[in-house]
Amino acid sequence: MKYLTITAFWALGIIWGSNFIYMKMASELITTSQIVLLRVAFGFIPIAIYAYLKGALKLAHLKHARHFFVMSLLATTIYYYGFAKGASLLLSGVAGALSGTIPIFALLLALIFLAEEPVTKNRIFGLLAGFSGVILIAQPFSADMASTNLEGVMYMVLGSLSIGASFIYAKKYIIPLQISSSALTTYQLGFSLLILCIITDFNGIEKIGDDLHAAIGMVLGLGLLGTGLAYLIYYFIIDKLGAVTASSVTYIPPVVALIIGSAIVGEDIGAIEYFATGLIFVAIMLVNKKAKGTTGQSNYAKPLAAKD
């Protein structure tokens, strides 16, 4: 079981890190909304089957539909849209590096909205380091910066803020419900799928089939693996390792995305981007460092739901 847990931990990091190149490929064929729709649809299928087989889905849960709707926006629709749009405008490695800011934004929001989150020197330095990394990647003061660079960074920030806000909302309104993680994920993806079916223009969505590699990446990489299986693995390692240790899996995707972008795809990622990524890593370690006299479990790092 020990080796299975370790394998699952690294598999999740690699799956999430590879998502950015799949989003990049898909963005050349279909719109951002269509990418998100297909990703959620193919991710929803295995999650819904899993939850149904476990008997986790209950009609009584629908009385909390308003909370599932909010979570579907914060933790799925806006989050996925921001990252998909950002990946279409940035080098996939750079977009992946920026995804490392998720725990930083989550902590910032936790400090603002959760009174029980202590403000420490490490966390202040961590927030400063993290935002410095974002600014270095965005290069807002560079005279030759392409306009899409800053726009792409802003979309990545939007996605990070959205998923960060979902942790705070989950802490206040979802965790107390004591609904299993598989059921919550099914409701979350299900509501998101309904929203996306309403707002998405389906015209041209079939173009994803023009490129077999992109189509496989969309269905298998982003959908079945990057969304459906990824959720199941995440809650598995939370069960085996605990929420705080499991949350450290977010260290892996930026590195994987940079390796895929530079070494495999051949993207021109410079020293500044690597240095900025290093700052983001330092920031994550600082904001997660225990304060003296605390148990070390940050509220924003807790899972969306109770254990299955």
Check: Leu222 main-chain N/O paired with Thr227 side-chain donor or acceptor under 3.5 Å: yes
Under 3.5 Å: donor-acceptor pair, side chain of Lys24, backbone of Leu90: yes
Hey, what's the ring geometry for His64 with His67, parallel, tilted or perpendicular (30° and 60° as the breaks)? parallel
Closest approach of Ile205 and Ile30, non-hydrogen atoms and distance? O-CG2, 3.7 Å
Could you state the interatomic distance from OH (Tyr187) to OG (Ser182), rounded to the nearest 0.5 Å? 8.5 Å
Between Ser72 and Ile195, is a side chain to side chain contact (heavy atoms under 4.5 Å, CB included) present by the stated rule, with each step listed? CA-CA 9 Å; Ser72 75; Ile195 295 169; 3.6 Å; yes
Can you tell me if Ser99 uses its side chain to pair, donor with acceptor, with the backbone of Gly96 under 3.5 Å? yes
Do Ile233 and Leu53 share a hydrophobic cluster, counting only Ile, Leu, Val, Met, Phe, Trp and Tyr and linking them when any side-chain heavy atoms are less than 4.5 Å apart? yes
Short side-chain to backbone donor-acceptor contact, Ser162 and Gly159, under 3.5 Å: no
Yes or no on side chain to side chain contact (heavy atoms under 4.5 Å, CB included) for Val40 and Leu196, after CA distance, side-chain angles and deciding distance? CA-CA 9 Å; Val40 172; Leu196 290 164; 3.8 Å; yes
Determine the minimum heavy-atom distance between Pro46 and Leu224, stating which atoms define it. CD-CD2, 4.1 Å
Say whether Tyr3 and Leu12 are linked into one hydrophobic cluster, either directly or through other cluster members, by side-chain heavy-atom distances under 4.5 angstrom. no
Audit row: Met218, Ile35, side chain to side chain contact (heavy atoms under 4.5 Å, CB included) steps and yes/no: CA-CA 8 Å; Met218 179 76 257; Ile35 292 172; 4.2 Å; yes
Minimum heavy-atom distance between Ala84 and Val36, given as atom pair plus value: CB-CG2, 4.2 Å
Let's go through Asn19 and Arg39 carefully: what are the C-alpha distance in whole Å and the side-chain angles of both, what is the deciding distance for side chain to side chain contact (heavy atoms under 4.5 Å, CB included) to 0.1 Å, and is it a yes or a no? CA-CA 10 Å; Asn19 281 347; Arg39 176 176 185 173; 3.1 Å; yes
Path from Leu194 to Tyr81 over hydrophobic side-chain contacts below 4.5 Å: no
First locate atom OH of Tyr52, then atom OG1 of Thr186, and finally report the distance between them rounded to the nearest 0.5 Å. 13.0 Å
Heavy-atom closest contact (Leu57 atom, Ala51 atom, distance): CD2-CB, 3.8 Å
Can you find a pair of side-chain heavy atoms, one from Phe83 and one from Tyr155, that are under 4.5 Å apart? no
Locate the shortest heavy-atom distance separating Ser192 from Thr76; write the atom from each residue and the value. OG-CG2, 3.2 Å
Donor-acceptor under 3.5 Å (Gln34 side chain, Asn203 main chain): yes
Ignoring hydrogens and angles, tell me if any N or O in the side chain of Ser166 forms a donor-acceptor pair with the backbone of Leu74 under 3.5 Å. no
Gap between atom OG of Ser180 and atom NZ of Lys54 - 0.5 Å precision: 7.5 Å
Euclidean distance, Asp201 CG relative to Leu37 CG, rounded to 0.5 Å: 11.0 Å
Report whether Leu73 and Ile198 are members of the same hydrophobic cluster (ILVMFWY, side-chain heavy atoms less than 4.5 Å apart, transitive linking). yes
Any idea which heavy atoms bring Ala87 and Met156 closest together, and the distance? N-SD, 4.3 Å
CD1/Ile237 to CD1/Ile6 distance, rounded to the nearest 0.5 angstrom? 11.5 Å
With a 4.5 Å cut-off on side-chain heavy-atom distances among I, L, V, M, F, W and Y, is there a chain of contacts connecting Ile199 to Phe202? yes
Please state whether the rings of Phe191 and Phe68 are parallel, tilted or perpendicular, taking 30° and 60° as the class boundaries. tilted
Those residues at least two apart in sequence (or on a different chain) that pass side chain to side chain contact (heavy atoms under 4.5 Å, CB included) with Leu225 are Ile15, Leu220, Leu229
Approximate separation, where rounding is to 0.5 Å, of Thr185 OG1 and Ile179 CD1: 11.0 Å
